[in-house]
Novice: 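One structure is given below, represented as structure tokens, and several questions about it will come after.
Because only heavy atoms are used, hydrogens play no part in the values below, and waters and symmetry mates are left out as well, while side chains stay in.
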Amino acid sequence: MVQSLGELFGLDYTFNLPARTDYGIGIIGCGSIVNNAHLPAYQRFGFKVVACCDIREEAAKQSAEKFGIPKWFTDYRQLLDLPEVEIVDIAI
């Protein structure tokens with residue numbers, strides 16, 4: 001008996017973490033999807049978020065405080081100027 005659609009169509013929904021999870025991630029946009037999905041997932045799997053940015057100061061500050069992100073900005077250019085940002089997550 002087929003247990004799931006994945007089995008029915010022969011799809012593999014599993015994933016493997018990359019060899020490195022310590023790339024510096026910068027997030028642009030600190031709204032609901034980032035706070036309820038992206039950042040909890042990054043934390044769960046040990047990814048390193050080094051900065052976040054939102055045009056709403058309070059949103060950027062709250063996300064940084066809640067998830068222990070060391071730097072936050074209201075201007076995305078400041079985030080992009082950081083040498084430790086190797087990956088940019090744009091969630092706007």
Side-chain angles (χ1 to χ4, degrees):
M1 180 173 176
V2 175
Q3 300 293 319
S4 69
L5 287 176
E7 287 179 319
L8 178 65
F9 294 105
L11 302 173
D12 181 6
Y13 288 108
T14 60
F15 67 93
N16 296 311
L17 290 176
R20 282 186 55 197
T21 58
D22 64 343
Y23 291 104
I25 300 171
I27 297 180
I28 299 174
C30 294
S32 178
I33 191 69
V34 164
N35 283 283
N36 294 315
H38 295 218
L39 289 171
Y42 288 151
Q43 269 190 341
R44 179 175 179 199
F45 294 106
F47 287 91
K48 184 174 120 184
V49 179
V50 297
C52 64
C53 175
D54 197 287
I55 59 172
R56 298 168 298 133
E57 181 176 336
E58 193 60 28
K61 184 179 178 182
Q62 284 179 352
S63 295
E65 289 173 356
K66 181 176 180 181
F67 292 95
I69 301 169
K71 297 178 182 174
W72 60 270
F73 305 100
T74 57
D75 184 336
Y76 72 93
R77 291 169 289 207
Q78 291 176 284
L79 181 143
L80 296 177
D81 283 342
L82 296 174
E84 62 266 36
V85 172
E86 300 170 278
I87 296 170
V88 178
D89 179 347
I90 302 173
I92 55 172

Novice: Taking C-beta and beyond as the side chain, do D54 and W72 meet within less than 4.5 Å on heavy atoms?
Specialist: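 A side-chain contact is absent here, since even the closest heavy-atom pair is not under 4.5 Å.
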Novice: For K48, does the NZ atom sit with more than 12 other heavy atoms under 6.0 Å from it, leaving out its own atoms?
Specialist: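 Enclosed.
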Novice: How long is the span from the CG atom in L79 to the CD1 atom in I28, to the nearest 0.5 Å?
Specialist: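 These two atoms lie 5.5 Å from each other.
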Novice: What is the distance from atom CZ of F45 to atom CG of L17, rounded to the nearest 0.5 Å?
Specialist: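 Reported to 0.5 Å precision, the distance equals 6.0 Å.
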Novice: So which atom in I33 and which in A91 form the shortest heavy-atom distance, rounded to 0.1 Å?
Specialist: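 Looking at all heavy atoms of both residues, the shortest contact is CG2-CB, 4.4 Å.
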Novice: Output the distance between atom SG (C52) and atom CD (E65), rounded to the nearest 0.5 Å.
Specialist: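 These two atoms lie 10.0 Å from each other.
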Novice: Measure the shortest side-chain to side-chain distance between Y42 and I69 over non-hydrogen atoms and say whether it is less than 4.5 angstrom.
Specialist: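 No. Closest side-chain heavy atoms not under 4.5 Å.
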Novice: What are the two closest heavy atoms between H38 and D89, and how far apart are they?
Specialist: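 Looks like ND1-OD2, 2.7 Å.
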Novice: Hey, what do you get for CZ (F47) to CD1 (I87), rounding to the nearest 0.5 Å?
Specialist: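 Reported to 0.5 Å precision, the distance equals 7.5 Å.
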Novice: According to a hydrophobic-cluster definition based on side-chain heavy atoms being under 4.5 Å apart (Ile, Leu, Val, Met, Phe, Trp, Tyr only), do V85 and V49 belong together?
Specialist: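 In one cluster with V85: V49, no.
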Novice: Surrounding CD of E57 (heavy atoms of other residues, nucleotides or ligands, distance under 6.0 Å), is the total greater than 12?
Specialist: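 No, not enclosed.
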Novice: Is there a path of hydrophobic side-chain contacts, each under 4.5 Å between heavy atoms of I/L/V/M/F/W/Y residues, joining Y76 to F73?
Specialist: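 As far as the 4.5 Å side-chain criterion goes, Y76 and F73 are connected within one cluster.
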Novice: Indicate the atoms forming the closest heavy-atom contact of L39 with S63, along with that distance.
Specialist: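 Nearest heavy atoms, L39 then S63: CD1-CB, 4.4 Å.
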Novice: Does I55 have more than 12 heavy atoms from other residues, nucleotides or ligands lying within 6.0 Å of its CD1?
Specialist: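 At most 12 heavy atoms, drawn from other residues, nucleotides or ligands, come within 6.0 Å of this atom.
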Novice: Is it the case that atom CZ in R20 sees more than 12 heavy atoms from other parts of the structure closer than 6.0 Å?
Specialist: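 Yes, CZ of R20 has more than 12 neighbouring heavy atoms, counting only those of other groups under 6.0 Å.
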Novice: For the atom pair CD (Q43) and NZ (K66), what is the distance rounded to the nearest 0.5 Å?
Specialist: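 It comes to 9.0 Å.
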Novice: Enter the distance from I90:CD1 to C53:SG here, rounded to the nearest 0.5 Å.
Specialist: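 That separation rounds to 10.5 Å.
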